[in-house]
Structure formats: structure tokens, C-alpha cells
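Written below as C-alpha cells is the structure these notes are about.
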Number of protein chains: 2
Amino acid sequence: MLNMCSAPRRPPEPEEDLTARARIRGAAIACFGQKGFGVPVRTIAERAGVSPALVMHHFGSKAGLRRACDEHVRNLVYEIKKDSVTTADQRTFLDRFAGMDEYAPYVAYFVRSFQAGGDIAHALFEHMVEDIENYLAAGEEAGTVRPSRDPAARARFLAMGHIGSLQMFLTMHFPGPDIDFREVMRAWSERITLPTLEIYSEGLFTNRAMLDAYLLYVGDPPEEES
Amino acid sequence: MLNMCSAPRRPPEPEEDLTARARIRGAAIACFGQKGFGVPVRTIAERAGVSPALVMHHFGSKAGLRRACDEHVRNLVYEIKKDSVTTADQRTFLDRFAGMDEYAPYVAYFVRSFQAGGDIAHALFEHMVEDIENYLAAGEEAGTVRPSRDPAARARFLAMGHIGSLQMFLTMHFPGPDIDFREVMRAWSERITLPTLEIYSEGLFTNRAMLDAYLLYVGDPPEEES
DNA sequence: CAAGGCACTGAACAAGCATTTAGCATGCTG
DNA sequence: CAGCATGCTAAATGCTTGTTCAGTGCCTTG
């Protein structure tokens, strides 16, 4: 009934498919992102305009479907990052995705993955940390970012806080099952931009007492900076 | 078989119960915290040493049980905060709970609630924001904390990042179903303390270019501080 | 045209779940 | 003692879920 495409089939692993298989995967990414991974296969099938049995036919199981979704978004991230190497774009992959409205479903999928944990979440998180660390290292070299006693830990801290606050914002302010992620991202960045820039530019404390006390505590002598 | 208690019964709403009802609620808080709210009623009943039917008898439904748990932890938070008013304790309720090992199950329950959203998460989050805002206002008055152009937004930002990063840390590093929350909190604070203090004490950027650009963009003139 | 493979479906199946039902024991009250 | 409420349980019920089954129609190939 819905054979809308006559693209050549490659028996083992069709790279480029606009077939029902791709529609199901797209519907799955959208549903997973909007409603979380608990969403029934029936809902995904309905959204793709196919029967639940066809989902199993193509992906074997719900877990297989999710694996396919993971792989798909992972490849997207790789391509985005490949671009950013040549463009010297100084944003994390998440920010680049969030900047493009049509990619909103993927951002939703990312956030759900982070919420649920698992392999893809790990991989994406490490990419995020890496992006931030590179960004900060470049800034350090250019003199716009302060050096850290532990740059890796700082990058991890910032990544955790960044993604985590987005998650918190989502669950606090958009509890419903149907979510417009463009709106979420807009409201979120609107609320965090000022405090982020304030704290990153000016700090939070007026003196270094707590930092120095901690450095003494862990046995690292406090430094003598301006 | 297990009538271990002869405390006086108050027909309508027993305030102080060491009965099976209380055991079920305790088991529920522990299970919800350790394994999330998807945990079957059977598991909770087993842990409390009762039948699943008794859970329904006492709480009506699984949702009713969760409501009772919410109310219980909410009351605990109220008491903690009442204490902290008289003690002038400068920590958020979450930090105070986390400081007491025997309260670890409650911290786990908090984090799960934040993950799942809902009324109690909202309430706890607002408490958290309030705690932080008071803490910062006091610091501001004492001269240890910098003033902000929007103290409320800053407190929300910090609360979201704080709780969010704990959540991220949990799902990234402790994916298993059985979680020792004391260990989680220990590892988490070990990793974030240095970068937190660095950024809060020294900032992240060496100059105010981005902040000033933003202030101009939103129509607020950048200030002339040192 | 015959044969076979492929995408696809409706209907059933099986498991896990929350919840209900019917009943057992115990202890209190008349 | 009877009557009855209470705390509690084993077993059944019904719903939702992922998954399987037995096809059906279409397209290509011989």
C-alpha cells in the first residue's frame, strides 16, 4: 500500500533508505524523544502509518529498533562534528543541533537518552566533554579562558551541569507527554544565559577563601594570583 | 503474624506508626530511590515482608503509595528546614540530608523524584531555589558573594545545574539497578568540588566581553566595575 | 503463466503488571 | 458465646505490553 520509493535496495544494510524502514525509525526517534523510551511500539507504528508487526519485521525487537535509532543519531553527530572540524565551529554538537530548528527531535532524543542512560548516552556525553575541553583549551590559548588545575574535571563538570540543567528544566517546566522541544530550548537558553555569563565572567564569590581552604585541605598549595 | 507493635491506634490518620503501614512506606521509599518509580508493587511488598494486597489495602493504589511517600519526605524536609532556621545552617536541605549517612535513602528518593518530575519534584526544587537564594543573599550582605542583576534567575540556574549534574553523574556512572547512594554522593562531590570552587571563585572567562555583548543585546547597559 | 520472494497485516499469544475478590485469623465488644 | 471490625493473604481478574503466527497481495524472475 505504501511503497512510495523505488530507490535501489542493497540486501545486507541499506545505507540510504526512504522506505518504511526509515519512516519507522524516524517515528521512533520522534516518539522516544517526545514521550520517553517507555512509549509502546504500537504508538510508534501508528505514527509511522504501519502495523506493529512490521516494526518487528524490520528491527527484530523494540531493543533492536532503539539500537537502530542510537546508531542513526550517532552517525548524525559524527557528521556534524566532521563539519565543525573544517568550519572551526566553537560549539558543542548539542548546541549546533539545538540551533537548527528542524533538528529538534534529535535534541529531544539526546535528552531522553541522557535521562535513561546506556551506551549512547555515555558516548554522547564523552563527545560533549571532549567538545567542551577542546573549546576551553582553545580559549585558554587565545587568552580568553582561565587555566584550570584540572581541565578535564572542569570540562566534565561543565558538561554535567549543562546537560543536567536542561534535563531539570524539561522535567520541571514541561511535564506533559507532548513536548515542543524548540520551545523548551528557547525558554531554557533565555533563562540561563544571563546567570551563566555572570558567573563565568565575574565568578560567584568575591574572594578565594573557600578555594584556598580546599586546596590546603587536599594538600595542593593555593596559588598566588592577582 | 507480624503485629510487632502495640502503639495506640488513631482511627482516622495515625500520625506515629511503626505498623506494617510504616514498614511498607519505608520499603517503598527505599525501592523507589534505588530502582526508580517503575519498580513493581510486588518488590516493595516483598521488601516489607507483606503481600502485595496489603499495600493496596493500606494505600489504595500504587499512586496512593507514592503520594504517601511524597508527603512523608516533604514533612521531613519541613522539619529539616525548621531546624536550619534556628541553627542558621547555611546548606540546602539536599546537602544536609546528604551529610547524614542514615538519610541516604531519602536523597535517592529526591533524585528519582527530580528525574520523574511531578508535584513533589516541583516543591522540592522550589525549596532548593529558595535555600540557595537565601544563602546567596546572606553572602551578598556579608560581602562574600557578588551581587547579581537577577538573583532569582541565578539561584534557579545554580539549583538546576547542581541537581542536574547529580542526576547526570548518577545515570552516567551508576547505571545498575542497585545503587549505594552514599558512594554516589561521595564520588560526585569529590569530582565537582575543585571545578566548582575554581569557577565560583575565579570565573571561567578572563574578560567580560561575552557578558557585555549580551547585556547590550538585551538592551541593558553593561556596568563599569573593576 | 507459474513460482517465489518480499513488504506488510490482523489476529492471536504470553508475560508482567496493578488491582479485586473472597476468605482466614485474631481480638475486641455486646 | 455471637457479632463484627481489623490486619492480612492466596488466588483470580483484567489490562497493557512485546512478540509471534499465518497468512495476503504485489513484484520480479523463470
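Since the model is a prediction, treat every value here as computed from it, not as a measurement. These values consider heavy atoms only, across backbone and side chains, with no hydrogens, waters or symmetry-generated copies. Lettering follows sequence order; numbering is per chain, from 1.
Between A:E46 atom CD and C:dG10 atom P the separation is 12 Å, expressed in whole Å. Nucleotide D:dT19 holds its P atom 13 Å from the CZ atom of A:F59, rounded to whole Å. Distance CD1 (B:I44) to C1' (C:dC17): 13 Å, rounded to an integer number of Å. Taking atom CZ of residue B:R21 and atom P of nucleotide D:dC8, one finds them 12 Å apart after rounding to whole Å. Note: CG (B:L54) to P (C:dT19) measures 14 Å, nearest angstrom.
Ring planes of A:F205 and B:Y200: perpendicular class, angle over 60° (limits at 30 and 60°). Ring geometry for B:Y106 versus B:H72: interplanar angle of 30 to 60°, hence tilted. In this structure, B:F93 and B:F110 have perpendicular ring planes: the angle between them is above 60°, well past the 30° mark. Note on ring orientation: taking the six-membered ring where Trp is involved, the planes of A:H127 and A:Y78 are perpendicular (angle over 60°, cut-offs 30° and 60°). Between A:F174 and A:F169, the ring planes are tilted. Angles from 30° to 60° get that label.
Within the structure, side chain to side chain donor-acceptor pair (under 3.5 Å) pairs that include any residue of residues 152-168 of chain A comprise A:E126-A:R156, A:S165-A:W188 (at least two apart or interchain).
Nucleotides of DNA chain C nearest to A:H57 and A:A53 differ in position, and the one nearer the 5' end is that of A:H57.
Taking the side chain of A:A20 as heavy atoms from C-beta on, and the options D:dG18, D:dA10, C:dC8, the nearest nucleotide is C:dC8. Among D:dT19, C:dT19, C:dT9, the nucleotide with an atom closest to any side-chain atom of A:M56 is D:dT19.
For A:D101, the CG atom is densely surrounded, since the number of other residues' heavy atoms within 6.0 Å is greater than 12.
No hydrogens or angles were tested; on distance alone, nothing pairs the side chain of B:R42 with the base of C:dG16 as donor and acceptor under 3.5 Å.
Helix bend of the helix from C:dC1-D:dG30 to C:dG30-D:dC1: the angle between its two end axes, each built from five pairs, comes to 30° after rounding to 10°.
Applying the 4.0 Å criterion to OP1 and OP2 of D:dC8, one finds that B:H58 has a side-chain N or O inside that range.
As judged by a 4.0 angstrom heavy-atom cut-off over every strand, A:V39 is placed among residues touching the sugar-phosphate backbone only.
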